[in-house]
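Notes follow once the structure below has been shown.
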Amino acid sequence: MTKALCPGSFDPMTMGHLDIFNRALGLFDEVTVLVTGNPDKPSGLFTVEERVELIRQCVDPRITVDYWAGLLVDYTTQHRYDALVKGLRSSLDYEYELPMAQMNRRLSGIDTVFLLTDEKYGYISSSLAKQVAKYGGDVTGLFPEPVHKAVLEKFS
Ligand code: PNS
């Protein structure tokens, strides 16, 4: 059994995230989405509990969803994950992800598998989509439906 973990802030999850989770499910026997703390993004639009709940509403029932406040590799080691899975939209993402992947591998030996973001979702980020929604722009198609609804409610 191969187990993959998709970690991130997911404030909130986008269509791009959902696509990566589903593709990970095609490659690994078990997939978990883990909402984790990012010290560089201290406050979010959604609470951690809200993010977890929204992800649960959107993902395939075979995918489990959890939250972790500590070091990522402590979770992957404790629960015996084989790989981390992340999406790459551009070379900017690569620059951001490379040191984290290398650090995680150095700390615990875990590899990070990068999936190239589907071309349909390459321009979507949670922060950009939130900004558009905040000023009343149309964010249709950027989030799965339950998340879209929750984002509109936050800004109403
Ligand atoms: O979606 P993000 O915010 O880009 O994801 C970054 C995240 C949350 C995966 C990263 O900040 C993380 O792993 N946080 C947990 C704490 C940790 O292990 N930090 C060291 C990473 S090398």
Side-chain angles (χ1 to χ4, degrees), residues 2-25 27-28 30-60 63-134 139 141-144 146-148 150-151 154:
T2 51
K3 291 173 63 170
L5 188 73
C6 303
S9 306
F10 306 124
D11 182 41
M13 74 174 288
T14 65
M15 288 302 289
H17 294 135
L18 184 60
D19 179 57
I20 295 295
F21 305 156
N22 286 333
R23 286 160 61 195
L25 202 51
L27 296 170
F28 294 88
E30 277 183 44
V31 172
T32 301
V33 175
L34 189 72
V35 178
T36 46
N38 181 341
D40 298 330
K41 301 178 186 169
S43 62
L45 179 63
F46 290 91
T47 66
V48 162
E49 292 76 16
E50 287 171 330
R51 295 177 211 183
V52 167
E53 185 46 38
L54 284 172
I55 297 168
R56 284 206 178 112
Q57 284 175 36
C58 301
V59 295
D60 186 293
I63 295 178
T64 54
V65 188
D66 200 1
Y67 168 70
W68 181 247
L71 202 59
L72 185 59
V73 292
D74 287 341
Y75 188 95
T76 54
T77 303
Q78 234 173 70
H79 299 275
R80 297 172 187 273
Y81 281 88
D82 299 294
L84 298 167
V85 173
K86 293 198 133 197
L88 277 188
R89 287 166 300 190
S90 67
S91 56
L92 288 178
D93 278 352
Y94 175 79
E95 298 291 337
Y96 170 70
E97 295 291 348
L98 178 68
M100 287 199 287
Q102 289 176 328
M103 182 63 81
N104 287 328
R105 189 156 190 271
R106 180 199 139 130
L107 289 171
S108 71
I110 195 155
D111 270 312
T112 303
V113 173
F114 291 107
L115 300 181
L116 295 182
T117 300
D118 188 285
E119 58 181 342
K120 288 196 292 293
Y121 308 126
Y123 65 97
I124 304 175
S125 67
S126 301
S127 49
L128 192 56
K130 280 186 291 189
Q131 195 185 109
V132 172
K134 182 176 175 184
V139 289
L142 304 188
F143 302 108
V147 179
H148 185 199
V151 167
K154 282 277 180 196

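One-based numbering, in listed order, for ligands and for the atoms of each.
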Aromatic plane relationship, Tyr75 with His79 - under 30° parallel, 30 to 60° tilted, over 60° perpendicular | tilted

For Thr64, check side chain to side chain donor-acceptor pair (under 3.5 Å) against everything at least two apart and list the hits.
-> Thr32

Contacts of Glu50 that satisfy salt bridge (Lys or Arg N to Asp or Glu O under 4.0 Å) - sequence neighbours left out = Lys154

Lys/Arg cation over aromatic Phe114: Lys86, 6.0 Å, 45° cone = no

List for me each residue that meets side chain to side chain donor-acceptor pair (under 3.5 Å) alongside Gln102, sequence neighbours excluded, and say none if there are none.
-> none

Do other residues, nucleotides or ligands put more than 12 heavy atoms under 6.0 Å from Met103 CE?
-> no

Note every protein N or O atom lying under 3.5 Å from an N or O atom of ligand 1, pairing the names and giving the distance.
residue  : atom   : partner : partner atom : Å
ligand 1 : 1 (O)  : Ser9    : N            : 2.9
ligand 1 : 3 (O)  : Ser9    : OG           : 2.4
ligand 1 : 3 (O)  : Asn38   : ND2          : 2.9
ligand 1 : 3 (O)  : Lys41   : NZ           : 2.9
ligand 1 : 4 (O)  : Tyr96   : OH           : 2.6
ligand 1 : 14 (N) : Gly37   : O            : 3.0
ligand 1 : 18 (O) : Leu72   : N            : 2.8

